[in-house]
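Input: a single structure, listed below in structure tokens.
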Amino acid sequence: MDDSEIAEPIKALALAGTSWEEAPRQHAKQRRRATEHKAQSHYDLSTGLDISMDRYAARLFDDPEYVWPRKARAAEEEPVAVILRGFPAPINWGWFSREDQRMHLQTVNKENQGPHQYKAWLEDRGAWTVVWENRPPGAKDARAVERAIEEHRSQIQSLWAAFMIDKSWLTAHISGQSIVLVAYPQTAGKFERTIDLSAELPNMATYPAPDDIGLDAENASVVVWKHRPESKQHHFPLAGLLWR
């Protein structure tokens, strides 16, 4: 599967400063080798690069070869997830591995950094919004980005929720017959959401214990009965649940 076959404009990659299409062709051999030796590649974090977004991309595009650590990238470069590509070309939007604890998109390509970096906040204490911190100079360009954000709202929320779980910015616990989610618990932007299990799962014979609840970054969901086989678990997607 080459890059031209991937649905545009939504893409979820873990890169370290360069885009997929910029990777030299000699890396294809490394990709095949990484795919053949999962134990030594997929989960080898000795490079210091966060490859978790690759796993989300692999699931999103059903492409196992998408999962490979970018060992060829310079270790000092900061990994980046590209979420919207080419709005307008060649501007790419996403976020870096070190980010503010509030959902947003900002320009991540090298040409749009510093004074030429644009950024939009996508939440306000759990409320979905699009508020520009630094708007592209052309109104037409800004509207194109806003339309793309709204069109891919669910995917953006899922990817940010997965990012939150990996960063420990989201917690889940049982309170009575409900699951309580706490977003950004250590910040002024903290907010909570509640899942009423008696309403959502009315036919449950017994309610889960605290240890039965978990957060699944790969599926961007809250998991009930996390110790059971996957077919017997229940997942609540975080997109549309955290942000309203």
Side-chain angles (χ1 to χ4, degrees), residues 3 6-15 19-20 50-63 66-67 78-109 112 117-136 141-170 172 181-184 187 189-191 193 215-222 235-244:
D3 192 64
I6 298 172
E8 292 285 359
I10 190 71
K11 294 189 178 183
L13 312 176
L15 308 180
S19 68
W20 175 267
D50 180 359
I51 64 168
S52 58
M53 292 302 291
D54 275 61
R55 294 198 291 275
Y56 310 145
R59 190 176 187 88
L60 183 62
F61 301 123
D62 193 26
D63 180 6
Y66 231 71
V67 186
E78 188 175 21
V80 54
V82 180
I83 309 303
L84 298 177
R85 189 178 297 279
F87 281 89
I91 298 178
N92 298 328
W93 302 80
W95 54 74
F96 295 91
S97 60
R98 299 178 183 178
E99 284 292 5
D100 297 309
Q101 295 186 41
R102 182 182 173 192
M103 183 167 44
H104 63 275
L105 287 177
Q106 64 185 30
T107 49
V108 293
N109 51 307
N112 291 95
Q117 185 176 68
Y118 309 122
K119 183 173 184 177
W121 297 106
L122 303 184
E123 66 170 303
D124 183 5
R125 289 179 178 256
W128 172 260
T129 185
V130 180
V131 176
W132 289 102
E133 178 174 308
N134 190 21
R135 177 176 175 152
D141 294 341
R143 286 195 297 270
V145 176
E146 291 168 2
R147 285 194 299 270
I149 289 172
E150 193 58 39
E151 182 180 354
H152 300 288
R153 173 175 174 171
S154 180
Q155 296 98 316
I156 294 169
Q157 289 186 3
S158 292
L159 291 167
W160 184 261
F163 184 62
M164 290 173 67
I165 294 170
D166 281 344
K167 290 287 191 178
S168 299
W169 293 349
L170 183 66
L181 300 170
V182 183
Y184 317 119
T187 74
K190 169 184 172 181
F191 66 91
R193 292 287 181 257
L215 295 169
D216 182 350
E218 186 175 1
N219 294 295
S221 63
V222 185
H235 288 245
F236 292 99
L238 290 165
L241 174 60
L242 285 178
W243 301 281
R244 301 170 182 171

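In this chain, numbering begins with 1 at the start of the sequence shown. Everything numeric in this text was worked out from a predicted model, so none of it was measured.
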- One should read off an interatomic distance between Leu159 CG and His152 NE2, to the nearest 0.5 angstrom, of 11.5 Å
- Task: Specify the closest pair of heavy atoms between Arg102 and Trp121, including all atoms of both residues, with the distance to one decimal.
- Result: CD-CE3, 3.4 Å
- Message: Give me the atom names and distance for the closest heavy-atom approach of Arg193 to Gly126.
- Response: NH2-O, 3.2 Å
- Query: Are Phe87 and Val145 side-chain neighbours, meaning at least one heavy-atom pair lies under 4.5 Å?
  - Reply: yes
- Kindly say whether Ser221 contributes a backbone atom to a donor-acceptor pair with the side chain of Asp216 at under 3.5 angstrom? no
- Chi angles and distances behind the side chain to side chain contact (heavy atoms under 4.5 Å, CB included) call for Tyr184, Met164: CA-CA 8 Å; Tyr184 317 119; Met164 290 173 67; 3.6 Å; yes
- Of the non-hydrogen atoms in Leu181 and Ala172, which two are nearest, and what is the gap between them? CD2-CB, 3.5 Å
- Query: Could you go step by step and tell me if Glu146 and Arg143 meet the salt bridge (Lys or Arg N to Asp or Glu O under 4.0 Å) rule?
  - Reply: CA-CA 5 Å; Glu146 291 168 2; Arg143 286 195 297 270; over 6 Å; no
- Message: Could you measure the distance from the CG atom of Leu215 to the CZ atom of Phe236? Nearest 0.5 Å is fine.
- Response: 12.5 Å
- Message: Counting the benzene-type ring for Trp, do Phe163 and Trp169 have ring centres under 6.0 Å apart?
- Response: yes
- Task: Measure from NZ or CZ of Arg244 to the centre of the six-membered ring of Trp128 and say whether it is under 6.0 Å with the direction within 45° of the ring axis.
- Result: no
- Say whether Trp243 and Glu123, considering side chains only, have a donor N or O and an acceptor N or O under 3.5 Å apart. yes
- Item | pair Leu122-Thr129: side-chain heavy atoms closer than 4.5 Å | no
- How many angstroms lie between CG in Leu105 and CD1 in Ile156, if you round to the nearest 0.5 Å? 5.0 Å
- Message: Out of the candidates Ile91, Val108, Ile149, only one should pair with Leu84 under the side chain to side chain contact (heavy atoms under 4.5 Å, CB included) rule; please name it.
- Response: Ile149
- Rounded distance [0.5 Å steps], CD in Gln106 versus CD in Glu99: 4.5 Å
- Note on the structure: Shortest non-hydrogen pair, Ala220 vs Ala161, comes out as CB-CB, 4.4 Å
- Quick one: does Thr107's side chain get under 4.5 Å of Asn134's, heavy atoms only? no
- Item | Rounded distance (nearest 0.5 Å) linking atom CD of Gln101 with atom OG of Ser168 | 10.0 Å
- Is any side-chain heavy atom of Gln157 less than 4.5 Å from a side-chain heavy atom of Leu242? no
- Between Pro90 and Asn109, the two heavy atoms sitting closest are O-ND2, 3.5 Å
- Does Glu133 reach the side chain of His104, with side-chain heavy atoms less than 4.5 Å apart? no
- Leu238 side chain reached by Ile165 side chain, heavy atoms, under 4.5 Å: yes
- Item | Shortest non-hydrogen contact from Asp141 toward Pro136 | CB-CB, 4.3 Å
- How are the rings of Trp95 and Trp160 set relative to one another: parallel (under 30°), tilted (30 to 60°) or perpendicular (over 60°)? perpendicular
- Message: Between Lys167 and Ser97 (side chain of the first, backbone of the second, donor and acceptor by atom type, cut-off under 3.5 Å), is there such a pair?
- Response: yes
- Message: I need the Ser158 OG to Glu218 CD distance, nearest 0.5 Å.
- Response: 12.5 Å
